[in-house]
Structures are given as C-alpha cells and as structure tokens.
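Have a look at the structure below before the remarks.
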There are 2 protein chains.
Amino acid sequence: MARAATTSDAFNAVAEPRRREILNYLALQERSVGEIVATLEMEQPSVSKHLRVLLDVGLVNVRREGRRMMYRVNAEAIRPLHEWTSTFERFWQHQLNRVKEHAERKSSSWQGAIPAARQDKF
Amino acid sequence: MARAATTSDAFNAVAEPRRREILNYLALQERSVGEIVATLEMEQPSVSKHLRVLLDVGLVNVRREGRRMMYRVNAEAIRPLHEWTSTFERFWQHQLNRVKEHAERKSSSWQGAIPAARQDKF
DNA sequence: ACAATACATTCCTATATGGGAATATGTCAA
DNA sequence: TTGACATATTCCCATATAGGAATGTATTGT
C-alpha cells in the first residue's frame with residue numbers, strides 16, 4: 001500500500017507546505033482564487049488543486065460570487081490537529097519547568113538544546 | 001514533483017496514522033520496539049520503519065538497552081505543529097462565542113453544525 | 001450569441017511511499 | 001563460537017501524489 005491520500009484527513013492535507021500557506025493566507029480573510037494566485041505566486045491550476053484537497057477534507061468552504069469563488073478557512077477542521085498536539089503539551093512544559101528549576105538552582109549558563117535528530121549509529 | 005518525503009518535516013511524518021499511534025503510545029512512557037509491536041499489533045519491520053521516519057524528523061529519540069532499543073517522544077518536535085494550529089484557535093473561539101451569544105439571545109434550539117465538506121457543485 | 005474573465009479538471013510523469021517477505025546486523029547467554 | 005533474541009534494512013510493487021501544460025466549464029458584459 002502506498003501513502004494515504006491527502007484527502008483522507010486534515011493531517012495529510014496540511015502536510016503539504018503550499019496548502020499551509022494557503023490556509024495561513026485565508027486565515028486573514030475570505031479570498032478569491034485569483035487573489036491567492038497573485039499573492040502566493042503559485043500557478044492557478046496548482047492553487048485550484050490544493051483548494052480542492054482542502055475542500056475535500058473540510059478545511060475550507062467556498063461561496064460563489066459572480067465568476068469568482070470565495071474561499072475561507074473552516075477552523076473547526078483544524079481543531080483535531082490542535083487537540084492531538086495538545087496531548088504532548090505537558091511534555092515541553094515539563095522540560096521548561098526542569099530548565100527553569102535548573103536555572104533557579106544553579107543560576108549558571110545553559111548549554112542549549114539537545115539535538116533532537118538521529119542519535120543511533122553511535 | 002511527487003509529494004514531499006515523510007522525513008522532510010514533522011507535518012509529513014505525523015500525517016501517517018500509524019506513526020501517530022506510535023507517538024501516542026510513547027507519550028505514556030519510553031518503550032522498546034518489541035513492546036510497540038506487541039501493543040499496537042503491527043509487524044516488526046513496519047514499526048522499525050516508522051520509528052526510523054520519526055527519528056529522522058526528531059520526533060523520537062533512542063537509547064540502546066542491551067539488545068533492546070528504547071524509544072521516547074521528543075515533544076519539542078511536535079511544538080511547531082501545535083503552534084501552527086494555534087494560529088487558528090481564535091476562529092473556533094469566535095464561532096463558539098457566536099454560538100453562545102446566539103443561544104443567550106434566543107435561548108432556542110440549535111440546528112447543529114454546518115457540514116464542513118464539499119459545498120460546491122450545487 | 002460571443003468574447004473575455006475566473007476557475008476547475010484532465011493528462012502525463014517523476015517520485016515517494018507503506019506493507020509484506022526475506023535478509024542483514026547487533027547483542028547476550030552458554 | 002554458536003544459537004537465540006531484538007531490530008534494522010533491503011527488495012519489490014501498487015498507489016498517490018504535485019507540478020506543468022492543455023483544455024473544459026461557468027458567468028458576465030455587450
């Protein structure tokens with residue numbers, strides 16, 4: 001089996017950077033396809049295709065206004081992502097607390113973050 | 001160009017449901033590959049491959065303990081996702097506020113949510 | 001009706017999977 | 001060293017893109 005369809009859920013849909021850009025832009029206010037194309041400097045067919053994906057997973061809604069299609073974000077659909085990430089919030093708060101306690105106890109220099117990536121092979 | 005690599009960033013990595021399951025499981029505590037395999041009922045090679053992806057984007061860290069590899073989540077790497085979704089938080093709060101105000105003003109029946117998906121073609 | 005405007009869809013292609021099977025690698029125990 | 005145990009990696013393949021080019025469709029103005 002290959003990777004899941006981008007239209008399978010919001011997680012897959014926002015995995016694409018261009019689609020996040022579009023959502024960020026739409027976060028400000030409702031926009032037409034043409035405005036998105038002009039502002040984000042993407043090809044029109046590309047924008048239409050990304051919007052189609054976002055529409056399929058419910059991340060945006062549309063409304064026709066004459067010849068233009070006005071898109072707006074449907075924040076509700078982003079909420080599951082927010083809630084999933086929130087389940088890990090306590091961890092970085094713990095880490096912050098530990099850093100804070102450490103700083104308060106020792107009041108000395110902080111060595112910076114531990115590199116997060118690959119630590120095997122050694 | 002095809003879709004971006006799952007190892008390109010955390011957004012792509014967590015787009016896969018199995019990987020989110022693994023992260024959820026690891027959120028409870030550090031676990032060995034074998035424990036993940038047994039608990040989530042996935043094939044061992046599959047788990048190893050998913051862990052590799054998670055490791056590449058820094059979503060987990062590893063530590064060898066004898067013959068076992070102990071994995072744990074690196075919540076810091078999830079933080080960017082949390083923060084991105086947070087930029088839309090005000091929207092659903094607005095919606096909730098509007099619902100609340102509406103309910104307070106009219107104190108009548110609420111028709112339920114507007115379907116989020118496809119509303120074109122009609 | 002017809003041209004222009006604004007989008008959407010289709011076709012084609014290189015690329016990146018994710019799962020299953022088989023195999024390789026690393027570590028410990030006897 | 002040898003065997004067993006725990007993981008990781010490689011191969012193969014069906015599938016799902018994302019971008020570019022070309023084309024189809026809907027709506028408005030004259």
Side-chain angles (χ1 to χ4, degrees), chain A residues 1-23 26 30-57 60-72 118-122, chain B residues 1-23 26 30-57 60-72 118-122:
Chain A
M1 198 185 289
R3 208 192 306 191
T6 55
T7 54
S8 59
D9 59 46
F11 283 94
N12 278 284
V14 305
E16 169 62 43
R18 298 310 187 68
R19 285 197 282 268
R20 289 202 300 279
E21 280 183 53
I22 291 174
L23 290 173
L26 293 179
E30 184 183 55
R31 297 288 190 176
S32 70
V33 176
E35 289 175 310
I36 299 172
V37 169
T39 303
L40 302 187
E41 298 180 286
M42 298 168 61
E43 297 296 321
Q44 176 267 309
S46 179
V47 170
S48 283
K49 281 183 279 190
H50 283 311
L51 285 170
R52 173 61 185 258
V53 171
L54 294 174
L55 196 56
D56 283 340
V57 299
V60 299
N61 289 113
V62 215
R63 172 174 73 83
R64 179 180 282 285
E65 191 179 271
R67 315 175 221 196
R68 303 192 306 162
M69 298 296 269
M70 305 302 289
Y71 284 84
R72 60 188 176 291
R118 305 293 302 288
Q119 299 191 336
D120 57 346
K121 296 289 187 191
F122 295 107
Chain B
M1 198 183 290
R3 207 193 306 192
T6 55
T7 54
S8 58
D9 57 46
F11 282 94
N12 278 284
V14 305
E16 169 63 42
R18 297 312 187 69
R19 286 197 282 267
R20 289 201 299 279
E21 281 183 53
I22 291 174
L23 290 173
L26 293 180
E30 184 183 55
R31 298 288 191 178
S32 70
V33 175
E35 289 175 310
I36 299 172
V37 169
T39 303
L40 302 186
E41 297 180 288
M42 298 168 61
E43 297 295 321
Q44 177 266 310
S46 179
V47 170
S48 284
K49 281 183 279 190
H50 283 312
L51 286 170
R52 173 62 185 258
V53 171
L54 294 174
L55 196 56
D56 282 342
V57 299
V60 299
N61 289 112
V62 217
R63 170 175 73 84
R64 181 179 280 287
E65 191 178 274
R67 312 176 223 195
R68 304 192 305 163
M69 298 295 269
M70 305 302 290
Y71 285 83
R72 62 188 175 290
R118 305 291 302 286
Q119 298 191 336
D120 57 347
K121 296 290 184 189
F122 295 106

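Just the heavy atoms: all of them, side chains too, but no hydrogens, waters or symmetry mates, feed the values below. Numbered from 1 within each chain, the chains take letters A, B, ... in sequence-line order. Since the structure is predicted, the reported quantities are computational estimates derived from the model, not experimental observations.
By the 4.5 Å heavy-atom criterion applied to side chains, A/Thr6 and A/Val57 are not counted as neighbours. For the pair A/Arg3 and B/Asn12, the minimum side-chain heavy-atom distance is below 4.5 Å.
Taking atom CZ of residue B/Arg19 and atom C1' of nucleotide C/dG18, one finds them 8 Å apart after rounding to whole Å. Residue A/Arg63 contributes atom CZ, which lies 12 Å from atom P of C/dC7 at whole-angstrom precision. Straight-line distance from the NE2 atom of A/His50 to the C1' atom of C/dC7: 15 Å, rounded to whole Å. One can place CD of B/Glu21 at 15 Å from C1' of C/dG19, the figure rounded to the nearest angstrom. Look at CE on A/Met1: it is 14 Å from P on D/dA14, rounded to the nearest Å. The CZ atom of A/Arg20 sits 15 Å away from the C1' atom of D/dA18 (whole-angstrom rounding). Rounding to whole angstrom units, CE of residue A/Met69 and P of D/dA26 are separated by 11 Å.
Listed by chain and number, the residues in a side chain to side chain contact (heavy atoms under 4.5 Å, CB included) with B/Arg64 are B/Met69 (sequence neighbours excluded). Applying the side-chain hydrogen bond (donor to acceptor under 3.5 Å, both in side chains) test to A/Arg31 and every residue at least two apart in sequence or in another chain returns A/Tyr25. By the side chain to side chain contact (heavy atoms under 4.5 Å, CB included) test, A/Val37 is found to be paired with A/Val33, A/Gln44, A/Val47, residues two or more places apart in sequence or in another chain being considered. In this view, B/Thr7 satisfies the side-chain hydrogen bond (donor to acceptor under 3.5 Å, both in side chains) rule with no residue, not counting sequence neighbours. For A/Ser46, the side chain to side chain contact (heavy atoms under 4.5 Å, CB included) partners are A/Met42, A/Glu43, A/His50, not counting sequence neighbours. Every residue two or more places apart in sequence or in another chain that forms a side chain to side chain contact (heavy atoms under 4.5 Å, CB included) with A/Glu65 is listed here: A/Arg63, A/Arg68, A/Met70.
Contacts between residues 34-45 of chain B and DNA chain C, defined by a heavy-atom separation under 4.0 Å, are made by B/Glu43, B/Pro45. Using a 4.0 Å cutoff on non-hydrogen atoms, the parts of residues 8-16 of chain B near DNA chain C are B/Glu16, ordered by number.
Applying the salt bridge (charged side-chain N to carboxylate O under 4.0 Å, His left out) test to pairs two or more places apart or on separate chains, those with a residue in residues 8-18 of chain B are B/Arg18-B/Glu21.
Here the CD1-CD1 distance, from B/Ile22 to B/Ile36, works out to 5.5 Å after rounding to the nearest 0.5 Å. Residue A/Leu26 holds its CG atom at 8.5 Å from CG of A/Leu40, rounded to the nearest 0.5 Å.
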Would you list the protein and nucleotides 26-30 of chain C atom pairs, both N or O, that sit under 3.5 Å from each other?
residue	atom	partner	partner atom	Å
C/dC28	O4'	B/Arg67	NE	3.3

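Checking D/dA16, C/dT15, D/dA6 against the side-chain heavy atoms of A/Ala5 singles out D/dA16 as nearest. Side chain of A/Lys49, nearest nucleotide from C/dT17, C/dA14, D/dA21: D/dA21.
The nearest heavy atom of DNA chain D to A/Ala2 and to B/Arg3 marks one nucleotide each, and the one closer to the 5' end goes with A/Ala2. Comparing A/Val33 and B/Thr6 by the nucleotide of DNA chain C whose heavy atom lies nearest to each, the residue mapping closer to the 5' end is A/Val33.
Formation of a donor-acceptor pair under 3.5 Å by the B/Arg19 side chain with backbone atoms of B/Val14 is not found in this model.
Dashed line: the shortest gap from a side-chain N or O of B/Ser46 to OP1 or OP2 of C/dG19 is under 4.0 Å. A sub-4.0 Å separation between OP1 or OP2 of C/dA6 and a side-chain N or O of A/Arg68 is absent. Considering only side-chain N and O atoms, A/Ser32 lies under 4.0 angstrom from the phosphate OP1 or OP2 of C/dC7. In this structure, B/Tyr71 does not reach the D/dA6 phosphate: none of its side-chain N or O atoms is under 4.0 Å from OP1 or OP2. Phosphate proximity of D/dT9 to B/Arg52: present, with a side-chain N or O under 4.0 Å from OP1 or OP2.
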